[in-house]
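Counting starts at 1 for both ligands and their atoms, in listed order. Side chains are part of it too, since the values below use all heavy atoms of this structure and drop only hydrogens, waters and symmetry mates. This structure is a prediction, so every number in the text was calculated from the model and none was measured.
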Amino acid sequence: MSAAPLPLALTLGEPGGIGLDVTLQAYHRHRDLPPFYLLGDADALARRAACLGIEVPIEATEPSAAAGIFARALPVVAVGHPVVGEPGRLVPADAPAVIASIETAVEHVRTGLAAAVVTNPINKHALYGAGFRFPGHTEFLGELARRFGPGPSAGGAWTPIMMLAGPELRTVPVTVHVALAAVPGLLTTDLIVETGRIVAADLAARFGLKTPRLAVGGLNPHAGENGTMGREDDEIVAPAVAALKGLGIDAFGPLPSDTMFHPAARRGYDAALLMYHDQALIPVKTIAFDETVNVTLGLPFVRTSPDHGTALDIAGTGRARPDSLVAALRMAARMAAADAAGSPAGAAA
Ligand SMILES: NC(=O)c1ccc[n+]([C@@H]2O[C@H](COP(=O)([O-])OP(=O)(O)OC[C@H]3O[C@@H](n4cnc5c(N)ncnc54)[C@H](O)[C@@H]3O)[C@@H](O)[C@H]2O)c1
Ligand SMILES: N[C@H](C(=O)O)[C@H](O)COP(=O)(O)O
């Protein structure tokens, strides 16, 4: 007899945003989801369900009982902080619960209570007053990963890599939450090579792509047009592509970033590496905003998230679509199964 699958640990996210809405709607509308529990406050979730006018049975519980409860009620595991969760408003008193839910989710995976971490969106600015010092989940999770033991990077660090994965396109920003003006100074050949190496390794191990093809986009218009529109593409990006090839990775570029996302071009690669946040996130969110998943590669555990943000403008209105969260829950379950099996399981979106 095989054991019941471990549940996924879903974090609270910003309680003034749509995280609670999409959590409730996902459970309400989809009967075939992998079992998950919300790390938060059952009362706040019940208040949001009433606000949305939907009936969702909610049960406060412990992680070990969550999978058994899931068929009859949405399990909620308390994080030890009450939550106000007023739709459309950031309440400073809610920040400790938001941070605690992320830490607790990672701890539950580390201690074998949960299979993977799925995060609801946060408002980073709202957390800074409570001591949060990271640009986003990605960097915070990289730090929390140290609890699993030393990572492969310098000083025992883990290198978390952001990938946005949709049904037709996967993109990776090489630099992430930094001002555009800082990007040229941060781009190095080593950074691109390390990013490409982790992407190729995780696509093979966790997405069932044995020899993933990586398209590398240039920084400047027309990938620098032979150096006449900036030298970074020739001096930093091209050597990184050559180094990735030297590692046996099927990488090519630098490509002009404006013409690498049309349908025929997309069929030529499994993931695209782009030099900064908006180069990577605009195409994938434009093509499939409702189905794309934000996944963190390079960690000793699985983390996925919907691609959207807190959307304070529509919280509590019933207009938030749960599709991206549903995709994130399903992808997390597939990736965790691949990790558990120690072999590729094909977690493609
Ligand atoms: N994973 C995360 O924690 C994460 C991801 C992205 C943005 N954010 C944060 O979210 C905040 C708001 O960011 P933003 O305004 O750029 O993006 P957003 O995704 O919150 O909203 C952009 C637009 O899309 C709409 N929208 C978003 N999700 C939707 C859904 N599920 N259904 C229907 N409509 C939806 C919103 O109403 C808004 O009009 C920022 O503080 C940002 O840092 C967090
Ligand atoms: N850049 C991400 C996006 O726009 O989807 C987002 O801010 C989430 O980042 P984290 O997963 O690091 O919180």
Side-chain angles (χ1 to χ4, degrees), residues 10-26 28-30 52 87-90 94-95 98-99 101-103 105-106 116-129 132-145 158-166 169-180 183 274 276-299 301-329 331-332:
L10 174 63
T11 67
L12 174 64
E14 167 51 51
I18 60 171
L20 296 179
D21 304 36
V22 294
T23 299
L24 288 159
Q25 296 286 17
H28 187 56
R29 293 186 197 167
H30 297 268
L52 294 171
R89 208 164 72 82
L90 301 174
D94 279 344
V98 176
I99 298 167
S101 77
I102 301 168
E103 284 178 331
V106 171
V117 175
V118 181
T119 61
N120 267 310
I122 54 173
N123 181 302
K124 293 95 176 170
H125 191 252
L127 303 184
Y128 292 147
F132 192 74
R133 57 185 175 84
F134 300 91
H137 286 101
T138 305
E139 299 81 0
F140 186 31
L141 294 168
E143 187 63 29
L144 293 174
W158 294 88
T159 303
I161 300 293
M162 179 184 291
M163 180 170 82
L164 278 288
L169 177 65
R170 299 184 191 90
T171 64
V172 175
V174 171
T175 60
V176 186
H177 286 130
V178 292
L180 187 54
V183 168
L274 289 310
Y276 58 90
H277 181 280
D278 283 7
Q279 268 187 335
L281 273 61
I282 288 174
V284 73
K285 289 192 182 186
T286 303
I287 291 170
F289 188 51
D290 295 324
E291 296 147 290
T292 293
V293 176
N294 174 356
V295 49
T296 311
L297 308 178
L299 295 178
F301 58 91
V302 170
R303 177 266 177 152
T304 66
S305 170
D307 66 348
H308 57 74
T310 52
L312 295 176
D313 55 326
I314 58 170
T317 67
R319 284 163 49 208
R321 293 181 57 146
D323 312 56
S324 181
L325 175 61
V326 167
L329 290 163
M331 186 183 287

### Message
Tell me the contacting part of Asn294 for ligand 2: side chain, backbone, both, or neither, using a 4.0 Å heavy-atom threshold, strictly below.
### Response
side chain
### Task
State, with a plain yes or no, whether a side-chain heavy atom of Arg170 is found less than 4.5 Å away from one of Val284.
no
### Task
Give the atoms of ligand 2, by number and element, whose distance to some non-hydrogen atom of Leu281 is under 4.0 Å.
1 (N), 2 (C), 3 (C), 4 (O), 5 (O)
### Query
What are the atoms of ligand 2, with element, lying closer than 4.0 Å to any heavy atom of Asp307?
5 (O)
### Message
Taking the side chain as everything from C-beta on, heavy atoms only, tell me whether Thr23 gets closer than 4.5 Å to Asn120.
### Response
yes
### Task
List the closest protein heavy-atom neighbour of atom 7 (O) of ligand 2: residue, atom name, distance to the nearest 0.1 Å.
Lys124 NZ, 2.7 Å
### Task
For the residue pair Phe132 and Phe134, categorise the inter-ring angle as parallel (less than 30°), tilted (30 to 60°) or perpendicular (more than 60°).
perpendicular
### Sub-4.5 Å side-chain heavy-atom contact between Thr138 and Pro160
yes
### Query
Could you state the interatomic distance from CD1 (Ile99) to CZ (Phe140), rounded to the nearest 0.5 Å?
6.5 Å
### Arg303 neighbourhood, listing ligand 2 atoms whose heavy-atom distance to it stays under 4.0 Å
11 (O)
### Message
Quick one, Tyr276 and Leu180 - any side-chain contact, counting heavy atoms below 4.5 Å?
### Response
yes
### Query
Counting heavy atoms only, which part of His308 comes closer than 4.0 Å to ligand 2: side chain, backbone, both or neither?
neither
### Task
Identify, by atom number and element, the atoms of ligand 2 in contact range of Gly136, meaning under 4.0 Å from any of its heavy atoms.
12 (O), 13 (O)
### Query
Side-chain contact, heavy-atom cut-off 4.5 Å: Val98 with Leu127?
yes
### Message
With rounding to the nearest 0.5 angstrom, report the NE2 to CD distance, His177 to Glu139.
### Response
6.5 Å
### Task
List, ordered by chain and residue number, the protein residues whose closest non-hydrogen atom lies under 4.0 Å from any atom of ligand 1.
Ile18, Pro121, Ile122, Asn123, Lys124, His137, Phe289, Ser305, His308, Gly309, Thr310, Ala311, Asp313, Ile314, Arg319, Ala320, Arg321
### Summary
One should read off an interatomic distance between Ile282 CD1 and His277 NE2, to the nearest 0.5 angstrom, of 9.0 Å
### Candidates Ile102, Thr11, Asn294 - the one meeting side-chain contact (heavy atoms from CB on, under 4.5 Å) with Arg303
Asn294
### Query
Between Arg321 and Asp290, is there a side-chain N and carboxylate O pair less than 4.0 Å apart?
yes
## Note on the structure
Note: ligand 2 atoms sitting under 4.0 Å from heavy atoms of Thr138 are 10 (P), 11 (O), 12 (O)
#### Entry: Residue and atom name of the nearest protein heavy atom (relative to atom 9 (O) of ligand 2), distance in Å to one decimal
His177 CE1, 3.3 Å
### Message
Among all protein heavy atoms in this structure, tell me which lies nearest to atom 1 (N) of ligand 2, with the distance rounded to 0.1 Å.
### Response
His277 NE2, 2.8 Å
### Query
Nearest protein heavy-atom contact for atom 4 (O) of ligand 2: which residue, which atom, what distance?
Lys285 NZ, 3.0 Å
